[in-house]
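Comments concern the structure below.
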Amino acid sequence: MKMDILLGLQWGDEGKGKVVDVLAPQYDVVARFQGGPNAGHTLEFDGIKHVLHQIPSGIFRENILNIIGNGVVLDPVVLRKEIEGLHKFNISFKKNLFVSKKATIIIPTHKLLDAAYEKSKGDKKIGSTLKGIGPTYQDKIGRVALRVGDILAPDFEDKYNALVEKHKTILSFYEFDLIHLPELEKTFFEAVEFFRTLNLVDSEYEVNGYLDSGKKVLAEGAQGSLLDIDFGSYPFVTSSNTMAAGACTGLGVAPSKIGEVFGIFKAYCTRVGSGPFPTELFDEDGEAMRKEGNEFGSTTGRPRRCGWIDLPALKYSIMINGVTQLFMMKADVLNIFEEIKICTHYELPDGSRVDRLTYELNTQDAKPIYKTVRGWFTSLAEANDYDKFPVELRDYVSLLEDELGVPIKMVSVGPDRKQTILR
Ligand code: GDP
Ligand code: IMO
Ligand code: MG
């Protein structure tokens, strides 16, 4: 068996949680491969909305194993809170949740460092979620981080203290106030105690074993390709490889074992945090999109920046990920527009037109060039079949498919599990 991957093609929040939940019954295992509590993946069914941060989005489906892979940076405090918050839903975490011993642990001072670094950047700040993601990946690459398996060793506290000492030196350079550290540490160590009771495994053996025995595995991405540490709009990115290759390193699965790559995108664009966003709307259309799409961050509650769909960016994401199927999300949000704009190119200050996300593009003022199409301007509440979609929506889908060269196999018309139209 090959492992399929589902990932976001824009700046995150495309609707990955919803789609993983919809697809999960077709799989035996769902595995997160990167990111951490910066993610907020929303699922809706039976009138209840759930937001998951670190737990994979297959958790609400019975008999599906959920794995948090080695590529993830994990906050034990957040994990404990998530698990406890789900107690009333009778989920068997003992049976259905596994955590890689090689995943990296976020400790309290990572969050303080995140805040200190952001503060020091002033108006050049990244807009980090302040969950400690950057500093934790920094320590991982710097070969000083703590890993999940370390919590089982008798010298865990020594290792912890050694790392905290390093962090304190940096924090004192930034004159950062450590007054809250003791209480943060207390909560952290209580969460570590709880963490020791979970299934801690060498997940690369588990995942490869499942694939070898013919079981189906879906890798769940976090963030989006345009936030990838190598290919995103650096430095306004997250600190992991959010792209398909990240699923190989983040789970220990060889590239030859990758099957389908599901690329998901909104019918428009959003972004939280700083960084370039060529199609961003600052007018009433952007405001209307935010309102209609309820575009407020699932993790931080921040208003998301909104704009029209960006084809050069999508083409780039499709290229670096080898996307085999596209899923278009939140089509219903565009119901309110008589006309819809599609960015096909960018115009640079020297008047030239480009459709590539080059290194230089990041530093230039790229003005979007749009093609305008007629909107469907009607509710999609009754649209439970692709053939019943308004013709303008089917034309929109066809136009995107022609431009992107990959079939759009799913269109999502609302946040609920059921509001998902397969083609
Ligand atoms: P993720 O991070 O990619 O999982 O996405 P988020 O959960 O952060 O953000 C997506 C938001 O859009 C959530 O509030 C979802 O409930 C919602 N959503 C997902 N699909 C649709 C859709 O087709 N239509 C509408 N209106 N909302 C959707
Ligand atoms: P999901 O998985 C949207 C953004 C932050 C910030 C930048 C760096 O829900 O799609 P970080 O905390 O990672 O150092 O922040 O990345 N960001 C996200 N934006 N969705 C996410 O996750 C995000 N995770 C991080 O807003 O701009
Ligand atoms: Mg999200």
Side-chain angles (χ1 to χ4, degrees), residues 6-22 32-45 48-54 56-57 72-73 75 106 110-111 113-115 117-118 125-138 220-229 232-240 242 264-277 289 291-305 327-336 380-381 383 410-421:
L6 182 138
L7 40 76
L9 300 180
Q10 295 160 323
W11 287 284
D13 303 330
E14 296 87 350
K16 299 174 289 295
K18 169 182 166 162
V19 179
V20 171
D21 171 62
V22 167
R32 270 279 300 270
F33 59 88
Q34 45 67 236
N38 49 350
H41 293 181
T42 314
L43 294 71
E44 249 185 83
F45 55 89
I48 308 178
K49 178 171 152 172
H50 303 273
V51 183
L52 297 172
H53 300 287
Q54 305 184 117
S57 302
V72 171
V73 289
D75 186 332
I106 301 176
H110 283 133
K111 284 179 270 191
L113 285 168
D114 209 352
Y117 293 147
E118 278 288 76
K125 72 170 190 217
I126 295 183
S128 152
T129 59
L130 301 179
K131 302 290 176 191
I133 306 297
T136 309
Y137 276 116
Q138 237 174 304
E220 173 179 0
Q223 289 77 58
S225 301
L226 304 175
L227 290 172
D228 182 271
I229 183 72
S233 43
Y234 194 91
F236 302 104
V237 293
T238 191
S239 299
S240 63
T242 57
I264 91 166
F265 65 100
K266 279 179 188 166
Y268 50 101
C269 283
T270 64
R271 174 165 202 167
V272 234
S274 327
F277 181 179
M289 240 179 227
K291 193 157 165 255
E292 191 68 15
N294 191 23
E295 295 295 359
F296 296 89
S298 320
T299 297
T300 58
R302 289 178 291 178
R304 295 179 184 142
R305 302 156 65 192
F327 300 163
M328 184 170 88
M329 309 300 291
K330 302 190 91 159
D332 55 301
V333 175
L334 297 187
N335 292 354
I336 55 169
L380 298 178
M410 181 194 280
V411 179
S412 176
V413 294
D416 194 89
R417 253 184 202 168
K418 295 197 188 105
Q419 295 168 301
T420 314
I421 314 301

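Read the numbers this way: they start at 1 and go in the same order the structure lists the ligands and their atoms.
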Have a look at [options] and point out the one with the heavy atom closest to [atom].
{"atom": "atom 8 (C) of ligand 2", "options": "Thr242, Ile133, Val237", "value": "Val237"}
{"atom": "atom 12 (O) of ligand 1", "options": "Lys330, His53, Lys266", "value": "Lys330"}
{"atom": "atom 12 (O) of ligand 2", "options": "Thr129, Val51, Thr270, Val73", "value": "Thr129"}
{"atom": "atom 1 (P) of ligand 2", "options": "Gln223, Arg32, Arg271, Gln34", "value": "Gln223"}
{"atom": "atom 6 (P) of ligand 1", "options": "Ala267, Gly40, Gly414, Gly221", "value": "Gly40"}
{"atom": "atom 18 (C) of ligand 2", "options": "Thr299, Asp13, Asn38, Leu227", "value": "Leu227"}

Can you tell me which portion of [X] lies within the under-4.0 Å heavy-atom range of ligand 2? Options are side chain, backbone, both, or neither.
{"X": "Phe236", "value": "neither"}
{"X": "Asp114", "value": "neither"}
{"X": "Lys131", "value": "neither"}

Can you tell me which residue and heavy atom of the protein come closest to [atom], and the distance to 0.1 Å?
{"atom": "atom 26 (N) of ligand 1", "answer": "Asp332 OD2, 2.7 Å"}
{"atom": "atom 19 (C) of ligand 1", "answer": "Lys18 CD, 4.0 Å"}
{"atom": "atom 10 (C) of ligand 1", "answer": "Asp13 O, 3.6 Å"}
{"atom": "atom 7 (O) of ligand 1", "answer": "Thr42 OG1, 2.5 Å"}

Atoms in ligand 2 flagged as close to [X], the criterion being non-hydrogen separation under 4.0 Å:
{"X": "Gly127", "answer": "5 (C), 6 (C), 26 (O), 27 (O)"}
{"X": "Ala222", "answer": "2 (O)"}
{"X": "Thr238", "answer": "11 (P), 13 (O)"}
{"X": "Arg302", "answer": "5 (C), 26 (O)"}
{"X": "Ala39", "answer": "1 (P), 2 (O), 9 (O), 22 (O)"}
{"X": "Lys16", "answer": "1 (P), 2 (O), 10 (O)"}

**Request:** Would you check whether Arg304 reaches within less than 4.0 Å of ligand 2, judged by its heavy atoms?
**Result:** no
**Request:** Could you tell me if any non-hydrogen atom of Gly40 lies under 4.0 Å from any atom of ligand 2?
**Result:**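 The answer is yes: ligand 2 sits under 4.0 Å from a heavy atom of Gly40.
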**Residue list, side chain to side chain contact (heavy atoms under 4.5 Å, CB included) with Gln138, at least two apart or on another chain** =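 By the side chain to side chain contact (heavy atoms under 4.5 Å, CB included) rule, Gln138 matches Tyr117, Pro135.
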[X] neighbourhood, listing ligand 1 atoms whose heavy-atom distance to it stays under 4.0 Å:
{"X": "Met329", "result": "20 (N)"}
{"X": "His41", "result": "1 (P), 2 (O), 4 (O), 7 (O)"}
{"X": "Ser412", "result": "20 (N), 21 (C), 22 (C), 23 (O)"}
{"X": "Gly17", "result": "4 (O)"}

**Message:** Can you tell whether the side chains of Asp13 and Arg304 come within less than 4.0 Å, N to carboxylate O?
**Reply:**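 Salt bridge flag = yes for Arg304 with Asp13.
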**Sole candidate of Lys18, Lys266, Lys330, Gln419 that passes side chain to side chain donor-acceptor pair (under 3.5 Å) when paired with Ser412** =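 Only match with Ser412 under side chain to side chain donor-acceptor pair (under 3.5 Å): Lys18.
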Ligand 2 to [X] polar contact by distance, N or O atoms, under 3.5 Å:
{"X": "His41", "result": "yes"}
{"X": "Leu130", "result": "no"}
{"X": "Glu14", "result": "no"}

**Within-cut-off N or O pair, Gly12 and ligand 1, under 3.5 Å** = no
**Asked** Just wondering, more than 12 heavy atoms not from Tyr234 lying within 6.0 Å of its OH?
**Response** no
**Message:** Using 2.8 Å as the threshold, say whether any N, O or S atom from Gly17 sits that close to the Mg ion (ligand 3).
**Reply:** no
Verify, without hydrogens or angle tests, whether [X] (side chain) and [Y] (backbone) share a donor-acceptor contact under 3.5 angstrom.
{"X": "Asn38", "Y": "Gly36", "result": "yes"}
{"X": "Lys16", "Y": "Gly224", "result": "no"}
{"X": "Arg271", "Y": "Pro276", "result": "yes"}

**Request:** Would you sort out whether Glu220 and Ser57 count as a side chain to side chain donor-acceptor pair (under 3.5 Å), showing the intermediate values?
**Result:** CA-CA 8 Å; Glu220 173 179 0; Ser57 302; 2.6 Å; yes
**Prompt:** Does the ring of Phe45 carry Arg417 above it, NZ/CZ under 6.0 angstrom from centre and within 45° of its axis?
**Reply:**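 So Arg417 does make the cation-pi contact.
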**Name of whichever N/O/S atom of Asp13 is nearest to the Mg ion (ligand 3)** = OD1
**Prompt:** Can you tell which part of Arg304 has a heavy atom less than 4.0 Å from ligand 1: side chain, backbone, both or neither?
**Reply:** side chain
